[in-house]
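Working notes for the structure below.
Note that these values count all heavy atoms, side chains included, but never hydrogens, waters or copies made by symmetry. We're numbering straight along the sequence, starting at 1.
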Amino acid sequence: MKLKKFLSESLPHIDKINERFGSIINETYACPCGKGVVEYEEDRIPGLREKRITCNCSECSDLFTFGRGTAELK
């Protein structure tokens with residue numbers, strides 16, 4: 001299922017020492033029950049590419065697996 005997005009921002013990242021240029025993406029969604037939020041963060045920096053998805057609702061965390069803007073039953 002698709003989740004409702006509340007916030008989306010892309011912040012530029014400039015590391016002059018290591019000459020790494022990229023961005024950090026932050027998105028916040030409503031969790032499926034509507035009592036909490038799901039946060040998505042992605043580092044689009046060469047050599048440091050990582051993704052993190054967290055849900056602050058224990059009920060939904062137990063029932064769903066989350067992707068970028070999506071939730072699927074476990």
Hey, does R68 have a side-chain heavy atom less than 4.5 Å from the side chain of E27? yes
Note, K51 side chain near Y40 side chain (heavy atom, < 4.5 Å): yes
Are I25 and L7 connected, step by step, through hydrophobic side chains (Ile, Leu, Val, Met, Phe, Trp, Tyr) whose heavy atoms are closer than 4.5 Å? no
If you take all heavy atoms of C57 and G36, which pair is closest and at what distance? CB-CA, 4.2 Å
In Å and rounded to the nearest 0.5 Å, what is the CG to CD1 distance from D43 to I24? 5.0 Å
To the nearest 0.5 Å, what is the distance between SG (C31) and CG (N56)? 7.0 Å
Could you tell me whether K2 atom NZ has more than 12 heavy atoms of other residues or ligands within 6.0 Å of it? no
Let me confirm one number: the CD-OG1 distance from E72 to T65, rounded to the nearest 0.5 Å. 7.0 Å
Cluster overlap I53 with Y29, hydrophobic side-chain contacts below 4.5 Å: yes
Taking the side chain as everything from C-beta on, heavy atoms only, tell me whether T70 gets closer than 4.5 Å to M1. no
Are T54 and V38 packed together at the side-chain level, in the sense that at least one heavy-atom pair is separated by less than 4.5 angstrom? no
Linked, directly or transitively: L63 and L3 (ILVMFWY side chains, under 4.5 Å): yes
Give the minimum heavy-atom separation between S61 and K74, together with the two atoms involved. O-NZ, 3.0 Å
When you look at CD of E9, are more than 12 heavy atoms from neighbouring residues, nucleotides or ligands closer to it than 6.0 Å? yes
Between E42 and R44 (salt bridge meaning N to carboxylate O under 4.0 Å), is one present in this structure? yes
Indicate the atoms forming the closest heavy-atom contact of F64 with A71, along with that distance. CD2-CB, 3.9 Å
Is the shortest heavy-atom distance from the side chain of K35 to the side chain of E59 under 4.5 Å? yes
